[in-house]
**Q** 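So that we are looking at the same thing, I have put the structure below in structure tokens.
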Amino acid sequence: MDFTLTEDQLAVREAARDFAQNVLLPGVIERDRDMKYPTEEVRQMGELGFLGMFIDEKYGGAGMDTMSYALAMEEISKVDASCSVIMSVNNSLVCWGIEEFGSEEQKQKYLPRLTSGEWIGSFCLSEPEAGSDATAQKTTAEDKGDHYLINGVKNWITNGGTSKLHIVFAQTHPELGHKGINAFLVETDWEGVEIGPKEDKMGIRASDTHSIMYTNVKVPKENRIGEDGFGFKFAMKVLAAGRLGIASQALGIAAGAYERAVEYAKVRTSFGKPIGQHQAIAFKLAAMATEIEAARLLVYRTAWMKDNHMDITVASSMAKLMAADVAMKHTTEAVQIHGGYGYVKEYHVERLMRDAKITQIYEGTSEIQHIVISRAILKGQLYQPMFK
Ligand code: CAA
């Protein structure tokens with residue numbers, strides 16, 4: 001077993017670290033406070049290749065491996081989880097979904113714009129009454145021959161106010177249940193697409209999250225992804241990849257808080273010595289380092305599995321479940337180590353703690369990850385792909 005990163009992977013990590021420290025860090029507190037979408041920062045992410053990292057170069061992607069993506073996500077999330085969710089949704093849910101399951105025409109038309117950052121994409125699955133129960137789609141797509149008519153409402157849509165392309169899930173054949181759902185590529189300037197108000201969130205406040213209304217939106221037939229009725233399977237397959245992105249994000253949030261806690265523990269003194277010399281703090285740092293490293297192993301192994309064309313459904317659920325819990329637990333510990341300073345914005349760890357919470361909720365709550373993992377255990381599938 002070889003855990004060494006390649007020269008290329010190390011270079012990507014270094015580039016992402018530089019970008020995070022030099023470009024993202026200076027304005028991160030203000031963007032969070034003002035819920036200001038990072039327009040210029042996202043433009044630069046596109047220039048650096050961070051918006052289509054593992055997409056083929058022939059579609060404008062950076063043609064890198066999944067491991068490089070996980071490393072870049074981790075570095076960017078250490079500093080700005082709002083930017084990393086924009087990056088994760090665009091890379092994993094939108095670009096990868098189109099590259100893996102779209103038609104050649106769809107790939108050529110949309111991927112170059114999405115990978116360059118000229119356009120940002122959204123994944124419109126959740127509805128007011130279809131969150132964890134994703135099969136309960138109320139949005140409809142009526143088949144009108146050469147086009148579909150889409151009507152419905154979507155909730156909690158990341159990039160909702162800025163994206164130019166939506167992947168919209170809608171029910172075409174209600175009598176078939178989840179087998180009647182389709183996924184469509186919908187351009188946001190088409191008639192009938194209305195962007196709802198921006199959500200005022202606890203964390204990832206610089207990312208824009210909106211509800212979206214679709215009223216009689218006319219979608220050409222060639223914008224359906226895959227065969228009639230493929231939509232739900234498409235959502236599940238794409239989410240398995242997306243969960244690796246969020247697992248990397250959670251890992252980065254945890255690691256960012258940990259690094260700040262270590263630095264603080266070395267310089268802050270109490271009772272005549274640096275607080276890191278007190279066992280109460282030293283043991284916290286040891287637990288943080290160990291559990292973050294365990295999460296990192298799950299995340300990196302899942303990336304490695306994807307690069308080796310293995311099924312990552314269970315692995316990405318495990319990585320997300322573990323990394324999200326580690327992020328929540330250890331950002332809270334980082335605030336504790338900082339004491340009163342941790343409770344104010346200037347020291348960054350309170351933002352990381354607020355940002356951590358969403359990783360236990362979006363792209364499948366931790367409870368949903370337990371469902372995915374436990375079903376695989378009971379079907380006897382769990383260990384096969386990992387040790388094959
Ligand atoms: N790959 C392929 N097919 C899959 C699959 C997978 N990973 N998982 C399920 N399926 C298939 C099943 O085989 C089944 O097909 P058949 O009927 O042909 O056998 C079908 O999908 C239905 O599966 P289930 O019976 O398991 O469906 P379920 O209703 O029990 O739900 C679930 C399964 C795992 C709970 C699913 O509903 C789920 O993942 N829910 C969470 C939704 C979610 O993650 N939402 C996130 C929103 S997007 C977001 O957050 C993005 C953002 O902006 C940040």
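Atoms within each ligand, like the ligands themselves, are counted from 1 in listed order.
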**Q** Which ligand 1 atoms, with their elements, are less than 4.0 angstrom from a heavy-atom of R243?
**A**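 Per the distance check, 39 (O), 41 (C), 43 (C), 44 (O).
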**Q** Could you check atom 34 (C) of ligand 1 against the protein and tell me its nearest heavy-atom contact, residue, atom and distance included?
**A** V372 CG2, 3.9 Å
**Q** Just wondering, more than 12 heavy atoms not from E199 lying within 6.0 Å of its CD?
**A** yes
**Q** Which is it for S132 and ligand 1 at heavy atoms under 4.0 Å: side chain, backbone, both or neither?
**A**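 Backbone only.
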**Q** Can you pull out the closest protein heavy atom to atom 35 (C) of ligand 1? Residue, atom name and distance to 0.1 Å, please.
**A**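 Of the protein heavy atoms, I368 CD1, 3.7 Å lies nearest.
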**Q** For ligand 1, which atoms sit closer than 4.0 Å to a heavy atom of T313?
**A** 7 (N)
**Q** Between D200 and R205, does any NZ, NE, NH1 or NH2 come within less than 4.0 Å of an OD or OE carboxylate oxygen?
**A** yes
**Q** Provide the number and element of each atom of ligand 1 under 4.0 Å from a heavy atom of G131.
**A** 42 (C)
**Q** For a quick test of reading the model, state the closest non-hydrogen atom pair linking I29 to K345 and the distance between them.
**A**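 In terms of heavy atoms, the two residues are closest at CD1-O, 3.6 Å.
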**Q** With atoms numbered from 1 as shown, which atoms in ligand 1 lie under 4.0 angstrom from a non-hydrogen atom of T135?
**A**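 Answer for ligand 1: 29 (O).
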**Q** Would you tell me which option among K233, K179, R375 has the nearest heavy-atom contact to atom 11 (C) of ligand 1?
**A** K233
**Q** Is it true that K107 and E99 make a salt bridge, defined as a side-chain N closer than 4.0 Å to a carboxylate O?
**A**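 Answer for the salt bridge query: no.
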**Q** Judged on heavy-atom distance to atom 14 (C) of ligand 1, which of H178, M236, E363 sits nearest?
**A** H178
**Q** Checking Q137 now: which residues fulfil side-chain hydrogen bond (donor to acceptor under 3.5 Å, both in side chains) with it, not counting sequence neighbours?
**A** K154
**Q** Which one of W156, F234, F232 has a non-hydrogen atom at the shortest distance from atom 27 (O) of ligand 1?
**A** F232
**Q** Mind checking whether L93 has a heavy atom under 4.0 Å from ligand 1?
**A**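 Contact check L93 vs ligand 1: positive.
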**Q** Atom 48 (S) of ligand 1: which protein heavy atom is closest, and how many Å away?
**A**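 For atom 48 (S) of ligand 1, the nearest protein heavy atom comes out as F123 CD2, 3.7 Å.
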**Q** Taking E363 first and then K320, would you say they form a salt bridge - that is, a charged N and a carboxylate O separated by under 4.0 Å?
**A**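 Salt bridge absent between E363 and K320.
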**Q** When you measure from atom 1 (N) of ligand 1 to every protein heavy atom, which one gives the shortest distance, and what is it?
**A** K237 CG, 3.7 Å
**Q** With a cut-off of 3.5 Å and sequence neighbours excluded, list every side-chain donor-acceptor pair involving residues 45-62.
**A**
from : atom 1 : to   : atom 2 : distance (Å)
E47  : OE2    : R43  : NH1    : 2.5
D56  : OD1    : K58  : N      : 2.9
Y59  : OH     : E104 : OE1    : 2.9
Y59  : OH     : E104 : OE2    : 2.9

**Q** Which ligand 1 atoms are under 4.0 Å away from a heavy-atom of T158?
**A**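 Every atom of ligand 1 under 4.0 Å from some heavy atom of T158: 52 (C), 53 (O), 54 (C).
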**Q** If you round to the nearest 0.5 Å, how far is OG of S122 from CD1 of I195?
**A**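 I195 CD1 to S122 OG: 8.0 Å, rounded to 0.5 Å.
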**Q** If the plane angle is over 60° it's perpendicular, under 30° parallel, otherwise tilted; pick one for Y347 and Y341.
**A**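 Correct class here is tilted.
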**Q** Could you list which atoms of ligand 1 come closer than 4.0 Å to a heavy atom of S126?
**A**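 Checking each atom against S126, I get 47 (C).
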**Q** Would you check the N or O atoms of G364, main chain and side chain alike, for any that come under 3.5 Å of an N or O of ligand 1?
**A**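 G364 vs ligand 1: N/O contact under 3.5 Å present.
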**Q** Would you call the rings of F123 and F234 parallel, tilted or perpendicular if under 30° counts as parallel and over 60° as perpendicular?
**A** tilted
